[in-house]
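Input: a single structure, listed below in structure tokens.
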Amino acid sequence: QVQLVESGGGLVQSGGSLRLSCAASGSIFSSNGMGWYRQAPGKQREFVAAITSGGSTGYADSVKGRFTVSRDNAKNTVYLQMNSLKPEDTAVYYCNTFPPARGYWGQGTQVTVSS
């Protein structure tokens, strides 16, 4: 069964913004930190951002200052606000727990940043 569903990806110009959403089951969301990960063409999947149940956040150096992760506990949803997007941000973006659980990887949502 699908327990994590990403949405909000799309095509955006360099310098633009996009907000991704991840709807999670309540049992997953309430018991774990949540994270965002991405996989660009020809590259390994990498960590992007995470937020703990207490609201502490962490970011990869490549997105620090541009991306913001947040969570809405009432909606069991985690968000990734992406600003000042660059072509290097082009990737499939996934949500998962933090640390990630292998069995929770889904289809992700495609983000394409054009120049």
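Between Gln39 and Lys43, the shortest heavy-atom contact is NE2-O, 3.1 Å. When every heavy atom of Arg66 is checked against every heavy atom of Leu85, the shortest pair comes out as NH1-CA, 3.9 Å. Residues Met82 and Val111 share a closest heavy-atom pair of CE-CG2, 3.9 Å. Across all their heavy atoms, Gln110 and Thr90 have their closest contact at NE2-CG2, 4.1 Å. Listed here is the closest heavy atom pair of Ser27 and Ser31: O-OG, 3.2 Å. Considering every non-hydrogen atom in both Thr77 and Ser21, the closest pair reads CG2-CB, 4.3 Å.
A continuous path of hydrophobic side-chain contacts links Tyr104 to Val78 [ILVMFWY only; heavy atoms under 4.5 Å]. In the hydrophobic clustering of this structure, Phe29 groups with Leu4; members are Ile, Leu, Val, Met, Phe, Trp, Tyr whose side-chain heavy atoms approach within less than 4.5 Å, directly or through other members. Cluster annotation: Tyr37 and Ile28 are assigned to distinct hydrophobic clusters (Ile/Leu/Val/Met/Phe/Trp/Tyr, side-chain heavy-atom contacts under 4.5 Å, transitive).
Side chains of Arg38 and Tyr93: a donor-acceptor N/O pair is present below 3.5 angstrom, by distance only. For the residue pair Asn83/Ser17, the side-chain donor-acceptor check at 3.5 Å is satisfied.
Taking the six-membered ring for Trp and the full ring otherwise, the centers of Phe98 and Phe47 sit less than 6.0 Å from each other. Under the 6.0 Å cut-off for aromatic ring centres, Phe67 and Trp36 do not qualify, their centroids lying 6.0 Å or more apart.
Counting only heavy atoms from C-beta outward, the side chains of Asn76 and Ser25 never approach each other to under 4.5 Å. A 4.5 Å side-chain heavy-atom check between Tyr94 and Gln107 finds every atom pair outside the cut-off. Within the 4.5 Å cutoff, no side-chain heavy atoms of Val113 are placed close to those of Glu88. Between Tyr79 and Val69, every side-chain heavy-atom pair lies at or beyond the 4.5 Å cut-off. Side chains of Val48 and Tyr59 form no contact here, defined as non-hydrogen atoms less than 4.5 Å apart. Using a 4.5 Å cut-off on side-chain heavy atoms (C-beta onward), Thr109 and Ser7 make no contact. Put simply, the side chain of Ser114 does not reach to within 4.5 Å of the side chain of Ser14, judged on heavy atoms.
Comment: Lys86 does not engage Asp89 in a salt bridge, judged by the lack of any side-chain N to carboxylate O separation of less than 4.0 angstrom.
Between the Asp72 side chain and the Ala74 main chain, a donor and an acceptor come within less than 3.5 Å of each other.
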